[in-house]
Amino acid sequence: MWRDAVLIAGKDLKIELRSRVATNQVAPFAIIVLVLFGFALDPDRTILQTAAPGLFWVAVLFCTLLAVQRSFAVEAADGAGDGLRMSGLDPAGIFLGKAAAIALELIGLEALLALGIVFLYGVALTGAALLFATAAAATVGLAACGTVYGVLAAGLRVRETLLPLLILPVVAPVLIGATQAWEAALGTSTDNGWKWVTLLGVFGVVYVTLGVLAFGTLLEEA
Amino acid sequence: MVAAVRLRSAVALLGGFPVLAGASLDVRPGEVVLLQGANGAGKTSLLRTCAGLLPIVSGRAEVLGCDLTVDRRSVRRRVGLMGHATALYDDLTVEDNVRFAVRAAGGAVSAIDPALARLGLDGRLRSVHVARLSAGQRRRTALAALVARQPELWLLDEPHAGLDAEHRDLLDDIIRQAVAGGAAVLMASHERDRASALADRVLTVAGGLVLPPDPGAAAATGTGIETGAPDATPDVPSTDRGASDPGAARGAGISHPHVLEVSHVA
């Protein structure tokens, strides 16, 4: 399973490096979202600094949708999905590999977005341990959940429009938990951020387990 | 000897539609079987069923000794399917695609270079992204992956399509070599003259069924090629319904005009 996961993750990341969709399209999109939030909310940054954690994670959710759609679009082209099924790779390995590749892309995008809220919104990043732990737990959950729903929608002609409808409501706990934890880390809330990290961890474990168990069936139905 | 393919009254559904309506078929190792039939007859579905890509809802289906009604996944590493689509990744190079296919199937990486060389992909084309290739070059890349994987059962859907004359001849040589090595080949082709020259048997597919042999066909063609199903195998229970029996599909609870049409044709 782990060998198959490494093979799939390597293949997906190589495709992204060659196609540069993540760097040339998703990353600029993420920055544009931050800029638009800035236009919409407050030019003098007061509201932006308060709302920065929520805006950051909303932007991450949008990026997750694009990354998941891209991950399964490459499998839909020219029968590549059949090739993947015919390879005989362990479905759990395929799931872990695709989720890992999406997670690595998201980590890069989160780093870019973090720089964005520093320079565009004037946010001072404090509480580094809590910030990193939140980002790690939330990213695992988003990547695993996105991969599960990505393969679920992969075989449908309306997958591009259906995927956001499937994913966004389900990842609401990630948005809430990660936002609360980052607010605690940045000092805009007195809440205990670590309990939210625990929630994010549970979410991630649930979706990783679900994906490992169900991905094979979902892939066959795709 | 374990049959490469053994279907008995196999029914496969695709979106509720019976794409195989009680098909029976035997393919032995070292044999080339050509499927012919009109568009929509079920040739591609038959190939995909043998690849374990379509679920069997009724009947029996064994490929390389694996019971597809129980487990459709385990046989896939031993089967190579080249369909209408090439199953290649546009953003990977020719070599990357072949390497991924071979490694995923657990094949020998050392077989990659000879396969690329054989298909004429070892020069500049080796490092070209598949998106920039012509249709024929894509086809050759998919074929190189098959050659490098060396599957025990080759399932080829219109394998000559898109290839120039030189590479059509090369494909024929590759098929002959695979068969000489003990592999079985099941292919569907509308290019009957070329494909018939390769085939040990020619079978007709219509309405999701493999039609029974026409005794006069071999004499009529003058090719010496047997047209139709193989001789009855002694281990098949006499109660099994044959390929031409549309009642097999009805027995599975399926009633469809396609089946009625076949009974009329048969």
Close side-chain approach of Y89(B) and D12(A), heavy atoms under 4.5 Å: no
Partner chain A: residue of R149(B), R138(B), R99(B) with the largest heavy-atom pair count (under 4.5 Å): R138(B)
Salt bridge (Lys or Arg N to Asp or Glu O under 4.0 Å) evaluation trace for K14(A) with E95(B): CA-CA 13 Å; K14(A) 189 178 277 189; E95(B) 183 183 0; over 6 Å; no
Proximal component of D90(B), with respect to chain A [non-hydrogen, under 4.5 Å]: neither
R73(B) versus T217(A), closest heavy-atom pair with distance: NH2-N, 3.6 Å
Non-hydrogen atoms of D91(B) and R18(A) that approach each other most closely: O-CB, 3.3 Å
Atom CZ of R194(B): over 12 foreign heavy atoms under 6.0 Å: yes
Most contacts with chain B, counted as non-hydrogen pairs under 4.5 angstrom, among A77(A), S19(A), G83(A), G93(A): S19(A)
Proximal component of A51(B), with respect to chain A [non-hydrogen, under 4.5 Å]: both
Minimum heavy-atom distance between R76(B) and R85(A), given as atom pair plus value: CD-O, 3.1 Å
Residue pair A104(B) / L89(A): nearest heavy atoms and the distance that separates them: O-CD2, 3.6 Å
Choice from R48(B), R78(B), R103(B), R77(B) maximising heavy atom contacts with chain A below 4.5 Å: R77(B)
Atom CZ of R20(A): over 12 foreign heavy atoms under 6.0 Å: no
Which portion of T93(B) sits near chain A, non-hydrogen atoms under 4.5 angstrom: both
Nearest non-hydrogen partners of L92(B) and K11(A), listed with the distance: CD1-CG, 3.9 Å
Atom CZ of F132(A) with >12 non-hydrogen neighbours under 6.0 angstrom: no
